[in-house]
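Residue numbers start from 1 in every chain, and the chains themselves are labelled A, B, ... in the order their sequence lines are given, proteins ahead of strands.
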Amino acid sequence: MGQLSAKLRRANLAFVAIGSLAGGSWFATEALAHHSYAAEFDRNAPMTIEGVVTEVWFKSPHVRYYIKVADEDGNEVIWDTRGLTPVKLVRSGWLKDTIKVGDRVKLFGHIGHTNKHIMSILDVTLPDGRVLTSRSVAYDIKE
Amino acid sequence: MMRKKLALFLVCIMTAPAMADESEFEGSWMLDVQVPAAPLAGLLELDSTDSGWVAFVEGGPAPVKIEDNHIELLIDARDRQGYLFQRKLVGELNADGVMTGSMESIDVLESAAEFGENGSSWSARPHIDSPPQQPIKNLSELAGTWAPLRGVDFRKWTMALTPAAKEWVAGYDARMDEPQKRCISPGLVAAVTWSFPFEIVVADDKLVLLYEAFNLSRRVFIDGRKDPDFYPNSSMGYSTGRLENGEFVVESKLLTHTTRDFNGEPISENATTIERYRLSDNSNRLSLELTLIDPDNYERPPIRRRVWTRQDDAVIYPFECDPDSFFRQLFDEGRMQEYIDRTPRRP
């Protein structure tokens with residue numbers, strides 16, 4: 001496998017189902033709430049991808065990271081991945097230079113209904129092993 | 001012995017709760033669902049018609065079954081991301097004039113996941129315009145930074161649309177038409193109720209409201225000034241406010257054509273909004289009831305709600321928005337021409 005080889009795996013759907021039935025906390029803190037997330041992303045199909053960051057857009061309405069990923073046939077594909085709006089991320093310490101061009105990252109998230117190379121990021125694993133989440137709502141958890 | 005039995009029977013008859021009459025359901029009710037993490041509140045209207053009972057929650061239709069003192073209500077909603085689901089409320093109208101019951105099930109329509117509500121108790125009391133427990137005496141009490149709390153709003157999905165509005169919604173494509181995707185303001189109704197903090201600055205003649213979402217701002221004039229001539233329509237409109245029975249009431253007009261929510265329901269330039277703000281919890285909690293009046297598009301006014309907590313040490317962050325990545329995605333997906341063809345859909 002090459003350096004950019006991707007580990008694409010379907011998340012265990014049973015886990016999703018159990019998480020849902022158990023009370024929804026797994027999903028309930030997601031908050032890409034200022035547009036219809038449902039129109040674009042399939043929450044029944046979370047995936048993990050791994051690759052190298054080629055571009056960083058740390059801007060509203062959503063941060064975007066373009067990631068070079070090798071598919072199962074070894075072909076390189078650019079994924080368009082996105083997280084919460086910066087004003088929400090920075091409050092949790094996820095800053096503009098937290099993820100840089102050239103970083104190798106692992107992303108877990110929902111992929112598009114039609115475009116299978118776009119992802120809404122739920123969690124990202126940084127090169128140093130830290131895991132950040134793009135699910136929290138800084139001002140929505142006071143009570 | 002016989003006398004004792006008769007006396008016992010009479011006592012039982014006199015103390016037994018009377019069953020409410022079906023007609024007593026008719027009217028307006030304030031619906032409260034005690035979801036532990038995020039209580040919900042909404043206006044429930046029940047009308048008896050020639051073809052049976054009809055119900056509206058927050059201005060939107062809700063299928064209802066009423067028999068004797070029993071009621072079942074189905075309320076469709078979206079979660080915070082736009083996935084659809086239904087809340088089924090089952091209960092009874094009690095002799096004390098209060099409906100009580102439980103949320104028996106949630107039918108998921110689009111893999112929505114606002115679970116954790118099953119079994120929550122609910123109640124509905126006759127809706128009366130009662131004065132706030134903590135009347136606002138001076139508008140300076142509103143000054144400060146306010147952070148949104150969870151809950152309160154049902155996020156009712158289906159509204160009582162006019163035929164023209166239904167046609168508009170049928171052609172709506174959220175992936176392309178949502179203004180906020182292009183960094184365009186979504187308009188007053190959506191922006192005011194979003195989960196971002198905002199700040200209120202109080203001046204002698206106006207309140208200035210500064211929203212983190214999309215760097216939006218608005219002035220609410222409180223000095224009774226004459227409306228300016230030729231004021232242009234805008235996403236936040238032209239607002240005037242007044243203290244009324246302990247509430248801060250804001251009326252807005254001159255809005256631009258935009259959408260109400262993720263469903264793409266239109267708001268016309270003729271629309272007006274009424275916002276009613278109340279303080280509670282020793283001035284540390286601010287609640288809003290927002291009513292959209294737009295007969296061009298809605299047969300009943302939709303209602304949205306929001307509650308904030310005072311957080312004066314919070315700072316409103318700048319919301320610099322760049323639509324570049326949205327257009328790049330359209331280009332990458334080969335949908336640029338489709339986007340251009342839909343220009344008339346973007347007010």
Looking only at heavy atoms, which two atoms of A:E40 and B:Q329 are closest? And how far apart? OE2-NE2, 2.6 Å
Could you report the tightest heavy-atom contact between A:S60 and B:F319, atom names first, then the distance? CB-CE2, 3.3 Å
For B:E320, is it the side chain, the backbone, both or neither that has a heavy atom under 4.5 Å from a heavy atom of chain A? backbone
Where on B:P318 is there a heavy atom nearer than 4.5 Å to chain A: the side chain, the backbone, both, or neither? backbone
Are A:K116 and B:E333 close enough for a salt bridge, meaning some N to O gap below 4.0 Å? no
Would one find more than 12 heavy atoms of other residues, nucleotides or ligands at under 6.0 Å from atom [atom1] of [X]?
| X | atom1 | result |
| --- | --- | --- |
| B:E167 | CD | no |
| B:F327 | CZ | yes |
| B:Q337 | CD | yes |

A:K88 charged N/C atom sitting above B:Y317 aromatic ring, 6.0 Å / 45°: no
Looking at A:Y66, is B:R328 sitting on its ring face, NZ or CZ under 6.0 Å from the six-membered ring centre and within 45 degrees of the normal? yes
Close side-chain approach of B:D79 and A:R43, heavy atoms under 4.5 Å: yes
Side-chain contact test, heavy atoms from C-beta onward, threshold under 4.5 Å: evaluate it for A:K59 versus B:D324 and give yes or no. no
Evaluate the criterion side-chain contact (heavy atoms from CB on, under 4.5 Å) for residue pair B:Y83 and A:Y37; output intermediate values, then yes/no. CA-CA 8 Å; B:Y83 295 96; A:Y37 184 98; 3.4 Å; yes
Between B:K181 and A:H62, does the side-chain contact (heavy atoms from CB on, under 4.5 Å) criterion hold? Intermediate values first, please. CA-CA 9 Å; B:K181 289 203 161 191; A:H62 296 287; over 6 Å; no
Separation between OG1 (A:T85) and CD (B:E212), nearest 0.5 Å, reads 8.0 Å
Please flag which part of A:I78 lies under 4.5 Å from any non-hydrogen atom of chain B: side chain, backbone, both or neither. neither
